[in-house]
> 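My questions will all concern the structure given below.
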Amino acid sequence: MKIKIENLTKQFANHTAVSSFNAEIESGQLIALLGPSGCGKSTMLNMLSGILTPTDGSIFFDDEDVTFTAPEKRGVGLVFQNYALYPHMSVLDNICFPLEIQKVPKAERTRRAIEMAKLVHVESMLERKPAQLSGGQQQRVAIARALVKKPRLLLLDEPLSNLDARLRIEMREEIRRIQQETKITTIFVTHDQEEAMSISDAILLMKDGVLQQMDQPQRLYDDPANCFVADFLGNPTINKLNAEVKDGILYVEGQPMKEINAAKLPQQRKLIFSCRAESIRLQKAADGLRAMLIQTYVIGKEMIAALQIGGSQIRAYMDSDKALPAGLEVTLQFRDKGIFIFDEASGERYL
Amino acid sequence: MKKRRNLKETLSPYLYLAPFLIGVIVFTLYPMINVFIMSFKENYKYLTGAFSGFGLDNYTTVLSDPYFQQAIINTFKYVLTVIPISTCLAIVLATLLNQNIKFKALLQTAYFLPMVTSVTAVGLAWKFMFNYNSGLINFFLNLFGFESINWLQSAGNNFLALVIYGIWSLLPFTIILLLSGLQNIDPLYNTAARIDGASPLRIFFKITIPLLAPTIFLVLIVNTISAFKVFNELFPLFNGPGVAYNLFTVVYYIYYQFRGLTPPKYGYAAAAAMILFVIIFCFTMLQLWLQKRASREG
Amino acid sequence: MKSKFSRTGIYLFLFMGAALMVLPFYWMISGAFKTSAEITQFPPVWLPAGFNLDNFKFALETAPFATYFINSVIVTICCIVCCGFTTILAAFAFSRLQFPGRDLLFSLLLALMMIPFEMLIITNYRTIVAWDIHDTIIALIIPFTSSIFYTYILRNFFASIPDSLYQAARIDGCSNWKYLWKIMVPMAKPSLVTITLLNAIACWNSFLWPMLATNSPAVRTLPFGLYAFVTEGGAKTERMMAAAAIVVIPMILLFLFARKYIVNGVARGGLKG
């Protein structure tokens, strides 16, 4: 099912949780609703599910306007952050419950529930109570319960945040698998960029209730719309250096950077020169930005250098695996990819 | 565009509340207001509903009635003896029951049992035990070399019998509350004090009691309120308010005004009830204030 | 060595205290089996010579204790069922439903909680007389069909159930009514059991109201029936004990079976019923 969100706004008593949100989601996609906590992504999800009514704007499922449709009539499945399994019911009863409400005959609802349990691999624990399950198993049951009524749209609220690191990777791949097997349009909320990058077809990145960018994960990384997007995605976080254009030349931390054509950049404005850690090449005594090595360290197979330029610190991946002495003077050269220039005040991207 | 709430949706909360609210209005709110108004009606005649005007007549009559004064004195005397003794006893017993002891379930059952039983029925057992000639209590007194006491038929002693019975029946509830208070105290404090070399008695007075203070206050207030309403106990023990009305209590006075007199004096009963309410209201306010303070500290 | 000594002391003290707490019950029940010769003996007889059921027989024959007992059972069951029902509905409305004035109404009810029932008996007595249900079983039930205190306790439990459960059920199309009975009530079972037990004990032992509201033996409940038996019959002590035992034993059994629920309820509520 295709989803169209038009000008959606949600105003609470003293703040605007979502403002003028526009997006179109293709059928059968797995979409991540990403953003820092408090950015309005859960409010978005609750408006899609119908738990909250928007202040303004509309939501369309295919061509049907569901803006004011009651939650139970929307045909959505919702998986809660804390799973919201009914503690007094067995796994099977939990999965059956939505069908029981719909008055599906007992034999059929059991059959469908078992089918769902098989899909999410919990068929061996149908008689257990939620308290006897691990976090990951509870998550699977919650997904089965959301899917059993064959929803048009599956919504997951922070589905992995209550799991430990190892299980998180396992479950996110499970979510991907289940989504691909069922081909249900799925939207999940997360604040973890890695989670969003790794499994989604597209990411909707939000900040302060405003949609910043919607695109495929890699495009968001390679071609961010503004400073916030560049900053939010990527680990280590993107490097930021103070920059300014004087007399047609870009100065980064006070040093001229002639490689970059400054003609299109505004004069006399505080700018941010941003570069990904993998876009930097460390060199000895060649032309380029001078920096001082503070420290080098190894994380797994990668070696990272921490460098001081003017008043700022940056990180860069090193080509060699030899540790270098602290205090060493190096010069930096940049690849073409992964270099951006933003406006410091507005975050607007110039390059 | 606003989502329209249909009539059913708007009404449904009130339908859920209706059965409950009807009961509360008819049997709590209305009587409350009615008693308040009635207490100010002068020369109120129950049968005709006639009264001569509003005023403080009932209050002045009740307050100057020697029986009511007796009732107030008795009630306060009862509260001031029963509450301190039962609270101190309960603190000691609860602390001991909270230790790591054997037979805990058995002991707790024994201590909590009186809570569930009828005041009237167990009161009869006490009456039997207080019996002058063949009672168990006089037997024990004689055993330890004391003279028998006429517990029930002597105006000098029957108050003591009432107090003993009162303490016995208050203990279970008090112990339960204090025990749950004790269980909420982090055992780490105890361990820390022991490591510092404090003796058990020191720990009890310097650690346990101060940390238990909010619960102790709560127990004091709740028990005080219920002790102010002492009434039921009078029937099984003394068949009424003791010898020559010497054990009149406030609730008994209210009961007596409209059930023991012909014609019933509803105005007096209402005024006495209002006075009782004011006393209890003050204590409840104190309780709420203390609870708030305790929850702020805890 | 010192700790062993004090430990023995603690046990001695606790067991003596426990014996004193249980003594009246023992004395009542053993007294019920004594003959009139045994009961007046001094020093007292600790163990009756045999299981002599004459006293029970006498009590049951002279006063309609069977009727009292049945009345008590009826009143208690009706009270806990009706009160349970109104309590569940009201607690749900106060914890889950939105309506104007909800919180104001709730605080008003909490304020009403501090009114002693003893103060209301004057008007309530007149109400049941005016409704012409004085001296009927209904008069013993109707005033106790709603309880602010139990509603308050249950509302607090209901409020602790996470919102997400409610939303999950609503997305599945579950109505409020169904959600209440299928999800909330089963989850609140321990609280409901506690409330019901406390209520049952209070109903069973209630004395002041039945004494006011009933006259005829046919509608009396046990505690007042017992008192009437004692005053009217001029009964002998051993027969009184037998009658008292009939009143007390059901509650003792209830307590032995459900001690945990009752004790937890009292500890949590911190208030008397």
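A note on names: the letters A, B, ... follow the listed sequences, proteins ahead of strands, and every chain is numbered from 1. Keep in mind that what you see is a predicted model, and the values were worked out from it rather than measured.
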> Tell me, side chain or backbone of B:Tyr111 under 4.5 Å from chain C's heavy atoms, or both, or neither?
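Contact with chain C: backbone and side chain both.
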> What's the separation between atom CG in B:Leu29 and atom CD1 in C:Ile115, rounded to the nearest 0.5 Å?
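B:Leu29 CG to C:Ile115 CD1: 7.5 Å, rounded to 0.5 Å.
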> For B:Gln108, is there any backbone N or O sitting under 3.5 Å from a side-chain donor or acceptor partner on C:Arg259?
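The answer is no, because no donor-acceptor pair under 3.5 Å joins these two groups.
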> Do the ring planes of B:Trp168 and C:Phe25 sit parallel (below 30°), tilted (30 to 60°) or perpendicular (above 60°)?
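Rings of B:Trp168 and C:Phe25: tilted, as their planes differ by 30° to 60°.
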> For C:Leu89, which atoms come within 4.5 Å of any heavy atom of chain B: side chain, backbone, both, or neither?
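Contact with chain B is through both the backbone and side chain of C:Leu89.
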> For C:Trp177, is it the side chain, the backbone, both, or neither that has a heavy atom closer than 4.5 Å to a heavy atom of chain B?
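The answer is both parts of C:Trp177.
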> Answer with side chain, backbone, both or neither: which region of C:Leu109 has an atom nearer than 4.5 Å to a non-hydrogen atom of chain B?
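It is the side chain, since no backbone atom gets that close.
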> Please look at B:Phe283 and chain C and tell me whether the side chain, the backbone, both or neither of the residue comes under 4.5 angstrom of a heavy atom of that chain.
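Nothing of B:Phe283, per the 4.5 Å heavy-atom cut-off to chain C.
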> Could you please state which residues from residues 13-22 of chain C sit under 4.5 angstrom from chain B, measuring non-hydrogen atom to non-hydrogen atom, sorted by number, or 'none'?
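Only C:Phe13, C:Leu14, C:Phe15, C:Gly17, C:Ala18, C:Leu20, C:Met21, C:Val22 of residues 13-22 of chain C have a heavy atom under 4.5 Å from chain B.
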> Taking only residues at least two apart or on different chains, which pairs with a member in residues 107-126 of chain C satisfy salt bridge (Lys or Arg N to Asp or Glu O under 4.0 Å)?
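As it turns out, the salt bridge (Lys or Arg N to Asp or Glu O under 4.0 Å) pairs with a partner in residues 107-126 of chain C, which skip direct neighbours, are B:Lys229-C:Glu118.
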> Among residues two or more places apart or on two chains, list those pairs meeting salt bridge (Lys or Arg N to Asp or Glu O under 4.0 Å) that have a residue in residues 125-135 of chain B.
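As it turns out, there is no salt bridge (Lys or Arg N to Asp or Glu O under 4.0 Å) pair with a partner in residues 125-135 of chain B once direct neighbours are skipped.
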> Quick one: what part of C:Leu105 sits under 4.5 Å from any heavy atom of chain B, side chain, backbone, both or neither?
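It is the side chain, since no backbone atom gets that close.
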> Sequence neighbours left out, what pairs pass salt bridge (Lys or Arg N to Asp or Glu O under 4.0 Å) with at least one residue falling in residues 10-23 of chain C?
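For residues 10-23 of chain C, and leaving out neighbouring residues, there are no salt bridge (Lys or Arg N to Asp or Glu O under 4.0 Å) pairs at all.
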